[in-house]
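Take a look at the structure below.
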Amino acid sequence: MMAKARFLSVEGGEGAGKSTQIGALASAIRDAGYEVVVTREPGGTEGAEAIRQLLLDGAATRWGARSEALLFAAARSDHVERLIKPALAEGKWVISDRFLDSSRAYQGDGSGLNDADILKLHEIGSQGLLPDRTLMLELPEDEANRRAARRDGNAADRIGGRDRIFHHRVHAAFHRFAQQEPHRVKIIDASGTFDEVARRMAAAISDYL
Ligand code: Z5A
């Protein structure tokens, strides 16, 4: 009998290789005989993609921390209701490039909001849905910056362009989540070649296949 469909999120700082690795992870799961839906946050549905533009484009000061957190929660609510839950109900795996832990790290620790408040918004918007497993890609800051700069040059979105102290707080928060929830959140060493990282990602979910 096939094991049940799972909801996975992939998290980490900018340039860690999340988008690059998700395709390989989805292929490994498809090879095991499952249907897989790959999606991203903010985004994944028409409404949430529209909110993505509001969140990532424009001046750094466009939103305050609270309105930003509400917009992420609203985008997530639509994504969960219209894409993630229906796919899981049809027996498909879902892999989301970022999910709730990004709000906890960026709007919570990064921007000074309470973790409890972010979780409350998630309860209201998405009935508290959590991934079965979260793969947290970790890369030394210099290498992550090199990779992001190779890809983007000097361009950065509203949030990626924040200062080093902000991004340090985000990294520390991701680490804390892995310590607090070791069964759900697995740290993946994102250094090395594409194939090396892909093998670590696949190993971190092998108990589900
Ligand atoms: N955000 C938030 O604040 N709150 C929330 O609740 C949510 C998000 C959901 C979304 O940005 C922003 O929204 C994000 C967090 C915030 N801002 N920041 N920071 P996004 O979706 O546009 O981008 P991102 O999520 O930050 O990811 P990214 O910058 O696209 O990075 P990535 O997906 O981790 O990396 P990548 O594109 O796969 O790889 C980067 C480059 O490295 C690329 O050229 C690759 O070819 C290269 N690469 C990848 N792997 C390797 C290896 N192994 N060796 C060498 N080079 C490699």
Side-chain angles (χ1 to χ4, degrees), residues 9-26 38-45 48-49 51-58 60 62-80 84 95-113 115 117-119 121-122 125-126 131 134-171 173-174 177 188-201:
S9 64
V10 180
E11 298 275 10
E14 205 185 24
K18 297 178 294 301
S19 316
T20 307
Q21 284 296 332
I22 282 175
L25 185 66
V38 172
T39 186
R40 69 169 181 182
E41 288 209 346
T45 59
E49 289 289 334
I51 297 175
R52 177 184 176 92
Q53 287 195 350
L54 295 175
L55 279 162
L56 299 187
D57 295 349
R62 185 178 196 182
W63 306 108
R66 288 174 190 280
S67 42
E68 192 174 280
L70 285 161
L71 284 167
F72 275 111
R76 183 163 302 124
S77 175
D78 195 62
H79 190 208
V80 165
I84 297 176
I95 308 176
S96 186
D97 187 342
R98 296 193 181 277
F99 193 67
L100 172 68
D101 295 306
S102 281
S103 285
R104 300 173 67 201
Y106 286 84
Q107 284 66 54
D109 285 39
S111 303
L113 300 187
D115 195 41
D117 288 343
I118 302 285
L119 292 172
L121 290 182
H122 187 57
S126 302
T134 295
L135 307 186
M136 190 79 75
L137 292 192
E138 197 164 79
L139 195 62
E141 189 181 337
D142 288 351
E143 175 60 11
N145 288 342
R146 261 195 300 276
R147 286 187 191 178
R150 257 200 313 270
R151 190 194 54 188
D152 303 331
N154 286 328
D157 62 48
R158 274 188 66 252
I159 296 173
R162 290 178 186 166
D163 65 19
R164 286 183 70 174
I165 295 169
F166 174 87
H167 288 288
H168 283 159
R169 288 200 295 265
V170 167
H171 278 110
F174 279 141
F177 305 154
I188 308 290
D189 174 4
S191 60
T193 64
F194 174 87
D195 286 344
E196 286 167 340
V197 183
R199 275 195 292 276
R200 292 177 199 132
M201 302 270 287

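For ligands, and for the atoms within them, numbers begin at 1 and follow the listed sequence.
Checking only distances, Arg98 does come within under 3.5 Å of ligand 1, N or O to N or O. When only interatomic distances are considered, the shortest N/O to N/O separation between His167 and ligand 1 does not fall below 3.5 Å. Note: an N/O pair closer than 3.5 Å links Gln107 and ligand 1 by distance alone. Note: an N/O pair closer than 3.5 Å links Ser19 and ligand 1 by distance alone. For Pro42, no nitrogen or oxygen atom sits less than 3.5 Å from a nitrogen or oxygen atom of ligand 1, counting backbone and side chain alike. Inclusion of Glu41 in the set of residues having an N or O under 3.5 Å from an N or O of ligand 1 is not warranted.
Once rounded to the nearest 0.5 Å, the distance linking OG1 of Thr20 with CG of Leu25 reads 13.0 Å. The CG atom of Asp195 sits 11.0 Å away from atom CZ of Arg200, with the distance rounded to the nearest 0.5 Å.
The atoms of ligand 1 that sit less than 4.0 Å from any heavy atom of Phe194 are 53 (N). Residue-ligand proximity, Thr20 to ligand 1, at heavy-atom distances under 4.0 Å covers atoms 36 (P), 38 (O), 39 (O), 45 (C), 49 (C). Heavy-atom contacts of Leu56 reach the following atoms of ligand 1: 10 (C), 12 (C), 13 (O) (cutoff under 4.0 Å). Heavy-atom proximity to Arg52, at under 4.0 Å, picks out these atoms of ligand 1: 20 (P), 21 (O), 22 (O). Using a 4.0 Å cut-off to heavy atoms of Lys18, the atoms of ligand 1 that qualify are 25 (O), 27 (O), 31 (O), 32 (P), 33 (O), 34 (O), 35 (O), 38 (O). Heavy-atom proximity to Gly192, at under 4.0 Å, picks out these atoms of ligand 1: 52 (C), 53 (N), 54 (N).
Within the 4.0 Å heavy-atom cutoff, Glu196 does not count among the residues contacting ligand 1. In this structure, Ala148 does not count as a contact residue of ligand 1, since none of its heavy atoms falls inside 4.0 Å of the ligand.
Here the protein heavy atom with the shortest distance to atom 11 (O) of ligand 1 is Asp157 OD2, 3.6 Å. Distance from atom 19 (N) of ligand 1 to its nearest protein heavy atom, with residue and atom name: Tyr106 OH, 3.3 Å. Of the protein's non-hydrogen atoms, the one nearest atom 6 (O) of ligand 1 is Ser103 OG, 2.6 Å. Looking only at protein heavy atoms, the nearest one to atom 31 (O) of ligand 1 is Gly15 N, 3.0 Å. In terms of protein heavy-atom proximity, atom 28 (P) of ligand 1 is closest to Arg151 NH1, 3.3 Å. Residue, atom and distance of the protein heavy atom nearest to atom 35 (O) of ligand 1 are Gly17 N, 3.1 Å. The protein heavy atom nearest to atom 8 (C) of ligand 1 is Phe72 CE2, 3.5 Å.
Of the heavy atoms in Leu100, none comes closer than 4.0 Å to ligand 1. Under 4.0 Å from ligand 1, not a single heavy atom of Arg40 appears. Both the backbone and the side chain of Arg147 come within 4.0 Å of ligand 1, counting heavy atoms alone.
Contact annotation: the side chain of Ile118 never approaches that of Phe72 to less than 4.5 Å [non-hydrogen atoms, C-beta and beyond]. The shortest side-chain heavy-atom distance between Leu119 and Leu100 falls under the 4.5 Å cut-off. You'll find the side chain of Gln107 reaches within 4.5 Å of the side chain of Ile159, heavy atoms only. The closest side-chain heavy-atom distance from Val80 to Phe99 is below 4.5 Å.
Side-chain contact check for His79 and Thr39: at least one donor-acceptor pair (N or O, by modelled atom type) lies under 3.5 Å. Judged purely by distance below 3.5 Å, without hydrogens or angles, the side chains of Ser96 and Ser9 never pair a donor atom with an acceptor atom.
Distance screen at 4.0 Å: atom 23 (O) of ligand 1 has no protein heavy-atom neighbour inside the cut-off.
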Item to complete: Dump the intermediate steps for side-chain contact (heavy atoms from CB on, under 4.5 Å) on Gln21 and Asp97, then the final yes or no.
Response: CA-CA 10 Å; Gln21 284 296 332; Asp97 187 342; over 6 Å; no
Worksheet item: Would His167 and Glu14 count as a side-chain hydrogen bond (donor to acceptor under 3.5 Å, both in side chains) if you check the C-alpha gap in whole Å, the side-chain angles of each, and the deciding distance to 0.1 Å?
Response: CA-CA 9 Å; His167 288 288; Glu14 205 185 24; 5.4 Å; no
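Applying the 6.0 Å contact sphere to CZ of Arg66 captures no more than 12 heavy atoms from other residues, nucleotides or ligands.
Partners of Asp142 according to the side-chain contact (heavy atoms from CB on, under 4.5 Å) rule, which considers only residues two or more places apart in sequence or in another chain, are Arg146. In this view, Arg76 and Glu41 satisfy the salt bridge (charged side-chain N to carboxylate O under 4.0 Å, His left out) rule, not counting sequence neighbours.
Ring geometry for Tyr106 versus Phe166: interplanar angle of 30 to 60°, hence tilted.
Side-chain atoms of Arg104 do not come within 3.5 Å of backbone N or O of Asp115 as any donor-acceptor pair.
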